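First the structure, in the form of structure tokens, and then the observations on it.
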Amino acid sequence: MLAGIKSEMANTGSVKLRHHLQGAALNNIMGSVFGKRYNLSEENADAEVLKEMVREGFTLLGAFNWSDHLSWLPKMFDPAQVEKRWEEKLNENDMVAVLWEMIFRGTDTTTLLAEWAMAELILHPTVRSKLRAEIDSVVGSAGTIGDADVAKMSYLQAVVKETLRAHPPGPLLSWARLSTDDIQLSNGMVVPAGTTAMVNMWAITHDSSIWTNPDMFDPTRFMVSEGGVDIDVRGGDLKLAPFGAGRRVCPGKNLGLVTVSLWIARLVQSFEWGPVDSDPVDLSEVLKLSLEMKKPLAAVATARNCV
Ligand code: HEM
């Protein structure tokens with residue numbers, strides 16, 4: 001990824017970060033699932049097909065589905081035999097689906113989170129230099145950053161948490177859920193069995209009764225040493241549960257957090273980042289199944305001596 005960014009900068013004078021992140025994300029997941037990696041410095045038909053499948057998967061999953069709202073419909077019309085297969089054991093198609101789900105869920109989420117984080121870092125030079133100072137203090141300006149180093153970087157983790165709060169990649173978690181029983185809420189309301197419910201995590205993470213200045217990008221809110229609070233973003237605190245919580249919590253949450261933290265640390269260590277004057281950073285959002293930057297991030301990345 002770093003070499004690709006350097007080369008695009010040399011050729012065009014600026015860099016569109018998203019496709020570099022998508023390539024790295026795909027390689028990461030394909031490496032974990034199939035032990036396979038692509039050489040992304042040249043065109044690769046397989047990798048392009050996979051990226052297109054991920055894009056299509058998100059569009060389909062986010063599309064309106066009558067069966068989510070009319071619980072009797074699948075009993076009458078169920079071409080994929082979903083109802084019948086509840087009773088069966090996992091077959092080969094199910095296993096393919098599980099592996100595909102990891103590729104599909106693990107690629108876009110990490111890409112988008114890293115893109116949002118870099119956009120905020122470009123807009124906030126003081127946050128960026130504080131992060132750079134932390135990275136340099138842990139590994140030096142040219143040291144290779146590993147997972148163990150990331151664990152020592154509390155400000156980096158705060159930057160990732162603040163990005164998850166400001167721009168949760170799955171703002172509606174998995175969109176629709178169907179309640180199987182009547183559920184009594186703590187405020188006295190009852191959600192009757194058979195209700196389709198959505199959790200709006202974006203609304204929770206922007207609620208001013210929960211967060212001070214929710215529209216401000218401020219990683220120190222998670223720095224205990226600076227008066228902030230350390231929140232477990234992996235489902236332990238519903239104020240900020242960008243991976244969901246409970247039985248259907250994201251199984252890739254630890255991998256996602258480590259991956260994105262490592263990418264951001266390496267990107268900040270390796271390049272000086274700045275905006276493109278003719279193409280400024282725009283934080284407008286577009287909601288697909290995930291929350292994307294409407295205008296993909298363009299930046300100027302000047303290599304430091306460690307690349
Ligand atoms: C920063 C990165 C990531 C974010 C923000 C994220 C977020 C989410 C969210 C919000 C859900 C839905 C949870 C719910 O409905 O309660 C989910 C589900 C899921 N995620 Fe992730 N995810 C990330 C990375 C990954 C990775 C790296 C993988 C795979 C290796 C992965 C695999 C899955 C799978 C398989 C599900 C479906 C779980 C189920 O339905 O039971 N995710 N993720």
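What you see is a predicted model; the values in this text were computed from it and never measured. Order of appearance sets the numbers: ligands from 1, and atoms from 1 within every ligand.
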>> Below 30° counts as parallel, above 60° as perpendicular, anything between as tilted: where do the rings of His167 and Trp116 land?
In response: parallel
> Leu113 heavy atoms, cut-off 4.0 Å: which ligand 1 atoms fall inside?
Replying inline: 1 (C)
>> I need the contact type for Leu173 against ligand 1. Using non-hydrogen atoms and a strict under-4.0 Å cut-off, is it side chain, backbone, both or neither?
In response: both
> Among protein heavy atoms, which lies nearest atom 21 (Fe) of ligand 1, and at what distance?
Replying inline: Cys250 SG, 2.3 Å
> Would you find more than 12 non-hydrogen atoms of other residues, nucleotides or ligands less than 6.0 Å from Met216 atom CE?
Replying inline: no
>> For atom 37 (C) of ligand 1, what is the closest protein heavy atom, and at what distance to 0.1 Å?
In response: Glu101 OE2, 3.6 Å
> Who's the nearest protein heavy-atom neighbour of atom 38 (C) of ligand 1, and how far?
Replying inline: Pro251 CD, 3.7 Å
>> For Pro242, which part has a heavy atom under 4.0 Å from ligand 1: side chain, backbone, both, or neither?
In response: backbone
> Could you state the interatomic distance from CZ (Arg132) to OG (Ser129), rounded to the nearest 0.5 Å?
Replying inline: 8.5 Å
> Among protein heavy atoms, which sits nearest to atom 29 (C) of ligand 1, and what does the distance come to when rounded to 0.1 Å?
Replying inline: Met102 O, 3.7 Å
> What is the closest protein heavy atom to atom 27 (C) of ligand 1, and at what distance does it sit?
Replying inline: Gly106 CA, 3.6 Å
> Just by distance, do the side chain of Asp232 and the backbone of Asp237 share a donor-acceptor pair under 3.5 Å?
Replying inline: no
>> With a sphere of 6.0 Å drawn around CZ of Arg234, does it hold more than 12 non-hydrogen atoms of other residues, nucleotides or ligands?
In response: no
> Between Arg177 and ligand 1, which residue portion shows a heavy-atom distance shorter than 4.0 Å: side chain, backbone, both, or neither?
Replying inline: side chain
> Okay, side chain of Arg304, backbone of Gln269: is any donor-acceptor separation there less than 3.5 Å?
Replying inline: yes
>> Does the plane of the ring in Trp202 sit parallel, tilted or perpendicular to the ring in His206? Use 30° and 60° as the thresholds.
In response: parallel
> At what distance is the nearest protein heavy atom to atom 6 (C) of ligand 1, and which residue and atom is it?
Replying inline: Phe243 CD2, 3.6 Å
> In this structure, are over 12 heavy atoms from other groups packed under 6.0 Å from Asp277 atom CG?
Replying inline: no
>> Among Arg247, Arg248, Lys253, which one puts a heavy atom closest to atom 13 (C) of ligand 1?
In response: Arg248
>> Between Lys295 and Glu285, does the salt bridge (Lys or Arg N to Asp or Glu O under 4.0 Å) criterion hold? Intermediate values first, please.
In response: CA-CA 8 Å; Lys295 192 153 111 5; Glu285 302 167 330; over 6 Å; no
>> Tell me whether Thr110 has any N or O atom under 3.5 angstrom from an N or O of ligand 1.
In response: no
>> Among all the protein's non-hydrogen atoms, which is closest to atom 32 (C) of ligand 1, and how far away is it?
In response: Arg105 CB, 3.4 Å
>> Only heavy atoms of Pro169, strictly under 4.0 Å: list the atoms of ligand 1 that pass.
In response: 5 (C)
>> Tell me the protein heavy atom at minimum distance from atom 12 (C) of ligand 1, and give that distance in Å.
In response: Ser174 OG, 3.2 Å
> Under a 4.0 Å N-O cut-off, is there an ion pair linking Arg221 with Glu162?
Replying inline: yes
